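Have a look at the structure below before the remarks.
Below, read A as the first sequence line, B as the second, and so on, with proteins coming before strands; counting in each chain starts at 1. All values reported here derive from a predicted model rather than from experimental measurement.
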4 protein chains.
Amino acid sequence: MPAAARRNEQSRRAILDAALALLAETDYAKVTIEAIAARAGVGKQTIYRWWRRKGEVVLEALTRQQTPVVLPDSGDLEADLRELVRATVAEFADPRLSATTRALTVEMLSDDDLAGQVRDRLLRPQLEAVRDRLAAARERGQIRTGADLDVAVELIFGPIFHRWQLRTGPLTEEYADALVDHVLAAVRP
Amino acid sequence: MPAAARRNEQSRRAILDAALALLAETDYAKVTIEAIAARAGVGKQTIYRWWRRKGEVVLEALTRQQTPVVLPDSGDLEADLRELVRATVAEFADPRLSATTRALTVEMLSDDDLAGQVRDRLLRPQLEAVRDRLAAARERGQIRTGADLDVAVELIFGPIFHRWQLRTGPLTEEYADALVDHVLAAVRP
Amino acid sequence: MPAAARRNEQSRRAILDAALALLAETDYAKVTIEAIAARAGVGKQTIYRWWRRKGEVVLEALTRQQTPVVLPDSGDLEADLRELVRATVAEFADPRLSATTRALTVEMLSDDDLAGQVRDRLLRPQLEAVRDRLAAARERGQIRTGADLDVAVELIFGPIFHRWQLRTGPLTEEYADALVDHVLAAVRP
Amino acid sequence: MPAAARRNEQSRRAILDAALALLAETDYAKVTIEAIAARAGVGKQTIYRWWRRKGEVVLEALTRQQTPVVLPDSGDLEADLRELVRATVAEFADPRLSATTRALTVEMLSDDDLAGQVRDRLLRPQLEAVRDRLAAARERGQIRTGADLDVAVELIFGPIFHRWQLRTGPLTEEYADALVDHVLAAVRP
DNA sequence: AGATAAACGAGACGGTACGTCCTGTCTTGTG
DNA sequence: CACAAGACAGGACGTACCGTCTCGTTTATCT
């Protein structure tokens with residue numbers, strides 16, 4: 001393991017910036033280690049020294065700019081869920097955010113290790129925040145006690161993810177609202 | 001456009017067989033056009049002449065062996081759904097089927113065109129079969145009239161797909177059953 | 001062996017014309033069988049049916065437009081030689097004629113058979129015409145009896161060919177005249 | 001332009017050795033970049049990095065093993081010339097040396113740049129050595145002052161080259177001697 | 001006036017080599 | 001000793017032609 005102490009923070013930043021820039025500008029096929037290195041003005045070895053795969057660079061580039069998850073808790077479960085789902089659907093509908101998600105998904109599908117990292121670092125916080133919100137609702141009696149909260153969380157994100165990735169339908173506000181209705185029906189007492 | 005009439009059916013079959021064999025045997029990274037051509041005893045140009053990308057070859061190889069979708073309709077919606085969901089979960093849990101799905105998903109994420117073809121040829125029939133089964137249930141009054149059947153279908157497959165791809169939980173029979181319970185709750189009158 | 005009787009004269013002409021046109025227009029590397037066939041609006045097989053190699057097509061294209069060799073015989077050996085050598089040098093200096101000669105030379109170097117044909121059909125008549133002129137001069141006592149006429153002919157064309165192909169000097173009228181002087185010195189009584 | 005300082009001398013040698021070996025063993029048509037790379041245990045890019053065309057590799061392979069030109073100067077011009085011409089004729093008559101010369105000639109005819117390099121590196125030293133020998137003879141009065149030494153040199157090599165390439169006659173010792181006689185006649189006072 | 005058989009255009013085919021690109025490792029100086 | 005620079009072996013990419021091989025479709029003889 002390299003002595004991280006010696007690590008050049010400037011190069012690290014340049015690499016992550018370059019990766020983000022390329023992700024934003026070009027096809028994911030053009031986001032190669034060589035292109036990142038060239039763009040960052042960095043030797044390829046400096047990338048290989050600190051990351052094992054391109055996917056890890058991309059992941060780190062994306063996590064770096066991640067904002068902490070804050071879910072609204074107005075007490076009104078339906079309103080809060082609607083806000084969450086609308087925001088999520090809008091995000092997947094946005095071609096720019098969508099492109100990086102797509103990139104990351106490709107990497108995850110070809111590297112189990114990376115998949116784990118993405119899951120734990122990017123995804124889990126998001127999903128657990130929602131789970132916590134649902135738990136609070138359950139305590140208030142807004143959700144039936146028999147409901148499996150993990151399943152409930154997937155009932156929200158699964159359909160959106162599915163529709164986004166397989167393009168089986170439009171990602172609109174109407175869709176978001178319809179989804180919320182069904183999810184609520186599934187967990188209501 | 002090439003005169004498809006002149007197409008050599010033997011070569012076509014050899015190519016698709018080779019693609020399937022490689023998909024089954026090796027990492028997707030090793031399923032290259034060159035490997036397929038070599039395995040099929042065919043010139044590379046013969047592949048490029050009839051398919052634009054590797055993904056299209058893989059897609060055609062997979063569609064060729066596809067069995068028509070038959071959904072049970074015993075009249076008992078819960079039983080039928082449980083059977084469907086258990087089978088689907090088992091399929092995604094199977095590493096062999098899973099590998100080709102993973103491969104195809106990677107290709108879809110990097111080629112919109114291919115994504116459309118996969119959706120229309122492989123996915124849509126499956127999803128519509130389920131939708132039809134739900135429509136039948138609705139006519140029998142087993143599903144509330146307000147339910148959006150498209151959303152309902154995604155309520156089934158979305159979570160499975162999500163859990164499979166992001167590995168956020170185990171793909172077991174218990175999970176299948178819990179999912180069925182929630183889906184039913186969502187659409188029941 | 002094809003029954004030449006059935007041969008389509010129109011196609012034959014189109015092929016030879018196409019070959020000439022390509023020779024004149026492009027690099028010799030682009031003069032491929034496929035290009036000739038496409039240009040001539042002819043199937044590749046029609047070329048392969050009547051010629052064994054590209055070089056033979058080129059040879060036939062060039063021989064077709066060849067004019068019969070006529071050497072001046074004014075009685076004045078020096079004047080006649082000077083005219084011949086100046087014309088030959090000028091021909092090699094002309095980039096257009098030079099290009100086809102270059103092409104043919106390449107083919108000859110990679111095909112002994114073709115080399116023989118070129119020698120016999122294109123070259124020999126030329127060389128023998130010169131040899132005959134020298135023989136006439138010898139009978140008139142303008143050339144010493146000991147002179148080897150074959151060597152003498154090569155004394156004329158060898159240096160020009162050498163200088164053209166290896167670009168060891170300019171192909172000017174002065175050069176032509178200097179060469180004539182030395183050749184005459186070599187064979188004079 | 002690559003920093004030649006970083007060049008791997010071992011690879012360079014392996015490539016040139018492989019090229020020579022292939023030239024000696026096989027048809028020139030089989031001397032491909034891929035074959036050279038495979039034989040040398042080298043990536044193709046390593047060849048393309050340092051040479052533009054196959055011809056340049058071949059040229060460098062041939063120049064590397066070139067022995068410095070040493071011409072005899074016994075004072076006897078005729079004897080020295082006879083030795084030189086006999087050796088040259090024998091060399092062209094030798095099928096092994098002839099094959100590489102043929103290969104190089106093909107390359108020269110399709111690449112002006114390479115032609116220049118061959119001329120300057122391989123040919124010129126040889127021709128100038130002969131020119132110098134003739135100059136020495138002229139100073140001794142063995143050659144007439146009016147003789148053009150460049151023309152004289154070509155009077156020697158041109159006919160041999162011509163006869164070799166166009167196969168217009170045998171390359172024997174008798175031919176060598178006849179040629180020497182005529183060349184001497186051309187330049188003698 | 002058919003019949004028939006070869007030549008024809010078109011272009012698919014199995015191959016070979018091309019020249020480019022990227023991978024992940026190794027090497028060479030610089031700070 | 002991390003770094004930039006970039007050479008290296010390897011190997012896939014997609015393209016261009018090779019020479020052979022069907023396809024149907026003209027033609028040109030020969031019944």
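- Side chain of B:E60 to main chain of B:E56: no donor-acceptor pair is present (N/O by atom type, distance under 3.5 Å, no hydrogens or angles).
- Between the side chain of A:R39 and the main chain of A:A18, no donor-acceptor pair closer than 3.5 Å is present.
- Remark: A:R167 engages B:D112 in a side chain to side chain donor-acceptor pair (under 3.5 Å) (not counting sequence neighbours).
- Within the 4.0 Å cut-off from OP1 or OP2 of E:dA6, not a single side-chain nitrogen or oxygen of C:W50 is found.
- Comparing A:R52 and C:E9, the nucleotide of DNA chain E nearest to each residue sits closer to the 5' end for C:E9.
- One can place CD1 of B:I47 at 16 Å from C1' of E:dT16, the figure rounded to the nearest angstrom.
- Remark: D:R6 fails to qualify as a cation-pi partner of D:W50 under the 6.0 Å distance and 45° angle criteria applied to the six-membered ring.
- We find that CZ of D:R12 is positioned 12 Å from P of F:dC8, with the value rounded to whole Å.
- Counting to the nearest Å, the P atom of F:dA2 and the CZ atom of A:R13 are 19 Å from each other.
- For the pair D:Q10 CD and E:dT28 P, the computed distance is 11 Å after rounding to whole Å.
- The OH-P distance, from B:Y48 to E:dT16, rounds to 17 Å in whole Å.
- The nearest whole Å value for the distance from the CH2 atom in C:W51 to the P atom in F:dT20 is 16 Å.
- Within the 3.5 Å criterion, the main-chain N or O of A:S11 finds a donor-acceptor partner in the side chain of A:N8.
- Using modelled atom types, one side-chain atom of C:K54 and one backbone atom of C:V31 make a donor-acceptor pair closer than 3.5 Å.
- Near DNA chain E, meaning a heavy atom under 4.0 Å away, the residues from residues 29-46 of chain D are D:T32, D:I33, D:E34, D:K44, D:Q45.
- Atom-to-atom, CG of D:D27 to P of E:dT16 comes out at 16 Å; the value is rounded to the nearest Å.
- In this structure, the NZ atom of A:K54 is 6 Å from the P atom of E:dT23, given to the nearest Å.
- OP1 or OP2 of E:dC8 sits under 4.0 Å from a side-chain N or O of C:R49.
- Taking every side-chain heavy atom of C:R6 into account, E:dA6 is the closest of E:dA6, E:dC13, E:dG11.
- Contact between the side-chain N/O atoms of D:S11 and the OP1/OP2 oxygens of F:dA9 is found at a separation under 4.0 Å.
- In this structure, the side chain of C:D94 engages the main chain of C:R96 through a donor-acceptor pair within 3.5 Å.
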